Number of protein chains: 2
Amino acid sequence: MSYKPADEINENGTGFIKNVAIDTVIFGFHDNLLKVLLSAYKNTNYFALPGGFIREMENLYDAARRVASERTGLDDIYLEQFYVFGDYSRYEPEPFKVIMEVNGNKPSKSHWLLQRFISIGYYALVDFTKATPTPAAIFDSCNWYDLKNMPELIQDHSKIITKALEALRANLDHKVVGYNLLPESFTMGELQKLHETILAKKLLRPAFQRKMLSLCILERVAKKYSGGAHKAPYLYRFVSEV
Amino acid sequence: MSYKPADEINENGTGFIKNVAIDTVIFGFHDNLLKVLLSAYKNTNYFALPGGFIREMENLYDAARRVASERTGLDDIYLEQFYVFGDYSRYEPEPFKVIMEVNGNKPSKSHWLLQRFISIGYYALVDFTKATPTPAAIFDSCNWYDLKNMPELIQDHSKIITKALEALRANLDHKVVGYNLLPESFTMGELQKLHETILAKKLLRPAFQRKMLSLCILERVAKKYSGGAHKAPYLYRFVSEV
DNA sequence: CGCTATTGTAACATAATGATACAATAATAA
DNA sequence: TTATTATTGTATCATTATGTTACAATAGCG
């Protein structure tokens with residue numbers, strides 16, 4: 001989880017469920033690179049996944065959406081619950097203690113943020129260009145990092161990202177990926193590049209096109225007369241399911 | 001979750017993490033029927049999944065194992081975390097209030113068991129014949145029920161079972177299922193019947209055998225000279241992965 | 001010693017996927 | 001205008017996986 005001083009700073013975390021956090025792995029896509037949104041704590045070397053907590057009367061999924069929306073400015077994004085991280089060894093209050101102290105707070109040992117947390121992992125896929133990374137509060141910054149070039153993260157957050165990527169890859173076959181990662185309309189080549197980036201391997205163009213079209217989730221919009229010296233590709237969009 | 005009076009009866013649930021429960025969907029297999037283990041609360045009409053809570057210093061997975069082991073008498077069983085149920089609408093304290101009252105307790109409104117719970121779902125597959133269903137405490141009974149013939153369950157427990165079955169079916173392809181569901185050695189026909197029961201559809205024998213053998217997870221042990229008036233089938237066991 | 005039920009697997013049919021080839025064409029430059 | 005170039009859309013074939021039928025092998029039974 002990440003530290004949100006705005007309203008969670010009070011000693012006993014009134015209004016939130018204790019010992020449970022949501023951690024979001026928000027993937028973005030740019031220049032054929034998968035990016036991930038990370039929060040950095042000011043005045044420390046601590047980097048963490050954007051996280052948050054569940055309000056006492058809030059649906060779990062709504063809480064995940066709220067967290068993702070707060071950090072990206074995007075509503076209506078594809079969110080998937082992928083795993084719960086609940087090892088006791090996750091309990092490492094030291095970083096949070098330091099973060100609070102560095103920022104002028106002196107939490108008691110029983111401060112709710114210094115207790116053990118079970119963390120529910122959600123991943124999201126967003127359009128890199130439409131998202132406006134927003135830090136959770138004055139203490140945070142929030143930025144995109146290449147998946148291949150991340151800073152060291154607190155706790156088990158690296159493992160969480162690995163697990164999220166595994167879940168995302170496993171879902172590429174069944175579920176449609178790209179609703180929020182790609183612009184409204186896109187070429188088959190762009191969709192393929194996205195899949196190639198997520199899977200970290202090259203795909204064969206004819207087979208990919210054949211498969212995508214066989215799923216009946218794409219519809220042709222127009223031709224894209226904009227690019228280079230070659231045949232104009234078709235633009236597609238996801239068919240709206242009604 | 002289910003109600004365990006033995007040590008969770010105290011008003012504030014000392015030693016347990018609050019607002020988080022584990023619900024287990026324990027599948028057993030018998031007579032080509034999938035069974036599921038259900039707890040019944042004495043003196044009420046309430047049926048529920050075997051559930052439990054996480055001790056303050058206990059790993060989440062260990063807690064799930066403990067719950068499953070306590071209810072089946074089986075250790076070392078295949079357990080898989082499949083989903084977290086966290087809608088606020090799950091909050092229905094009435095059944096638990098009744099259960100406690102019927103059994104001679106008068107919980108206050110702030111009793112920790114009457115609060116909202118986020119429930120982490122695990123499923124397990126056990127050998128029906130080796131399991132000894134054990135109620136959680138004096139107030140409970142614990143029995144196998146056909147998946148097709150279950151009593152009405154409290155809260156969203158029916159949905160939890162549905163979701164568990166979906167996860168189990170989705171995993172049949174990738175993961176090996178049957179370590180704990182089948183005896184030490186078994187015939188290809190028995191394995192096929194198990195798969196057919198889980199998937200609720202017939203499979204073609206040659207294709208099934210070809211596929212299973214291609215996975216290289218089975219080894220032939222011997223022939224089974226015991227059955228009826230026909231060719232003796234081979235016995236297989238899962239290769240120990242080392 | 002045949003009969004029966006079931007197994008193990010070969011053999012073929014069909015479908016899915018992998019790989020190659022090539023015509024179509026939008027921009028560019030001669 | 002026309003040749004050039006890069007890339008797209010798709011046809012075609014190869015390979016692999018899966019679905020289906022067929023049949024020999026054989027343990028128990030009468």
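Order of the sequence lines fixes the chain letters, A, B, ..., with proteins taken first and strands second; residue numbering starts at 1 for each chain. Computed from a prediction, not measured in an experiment: that's the story for all the values here.
Separating the CG atom of Leu191(B) from the C1' atom of dG8(C) is a distance of 15 Å, rounded to the nearest angstrom. Atom pair Lys231(A):NZ and dA6(D):C1' shows a separation of 12 Å (rounding to whole Å applied). Rounded to a whole Å, the CZ atom of Arg205(B) is 15 Å from the P atom of dG19(D). Across the protein-nucleic acid pair, Arg210(B) atom CZ and dT16(D) atom C1' stand 11 Å apart, rounded to whole Å. If you measure from atom CG of Leu213(B) to atom C1' of dA10(C), you get 14 Å, rounded to the nearest angstrom. Atom-to-atom, NZ of Lys202(B) to P of dT20(D) comes out at 15 Å; the value is rounded to the nearest Å. Straight-line distance from the NE2 atom of His230(B) to the C1' atom of dA24(D): 17 Å, rounded to whole Å. The distance from atom CZ of Phe208(A) to atom P of dT17(C) is 13 Å, rounded to the nearest whole Å.
Separation of the Phe53(A) and Phe117(A) ring centroids falls under the 6.0 Å cut-off. Under the 6.0 Å cut-off for aromatic ring centres, Phe128(B) and Phe27(B) do not qualify, their centroids lying 6.0 Å or more apart. Aromatic rings from Tyr83(A) and Tyr122(A) are positioned such that their centres are separated by 6.0 Å or more.
Between Phe85(A) and Phe82(A), the angle of the ring planes goes over 60°, which puts this pair in the perpendicular group of the 30/60° scheme.
Phosphate contact (OP1/OP2 of dT10(D), side-chain N/O of Gln209(A), threshold under 4.0 Å): present. The phosphate of dA17(D) has neither OP1 nor OP2 within less than 4.0 Å of any side-chain N or O from Lys211(B).
In this structure, Pro233(A) reaches the sugar-phosphate backbone alone: every heavy-atom distance under 4.0 Å involves primed, P, OP1 or OP2 atoms, never a base. Counting any heavy atom pair closer than 4.0 Å across all strands shown, Ala207(B) reaches a base atom.
Remark on DNA chain C: of its neighbouring residues Ala232(B) and Leu204(A), the 5'-side contact belongs to Ala232(B), judged by nearest-heavy-atom nucleotide.
For dT8(D), the base has no donor-acceptor partner in the side chain of Arg220(A) [N/O atoms by modelled type, under 3.5 angstrom].
Checking dT21(D), dT20(C), dA26(C) against every side-chain atom of Pro206(B), the shortest atom distance belongs to dT21(D).
Of the N and O atoms on the side chains of Asn32(B) and Thr197(B), not one donor lies less than 3.5 Å from an acceptor on the other residue.
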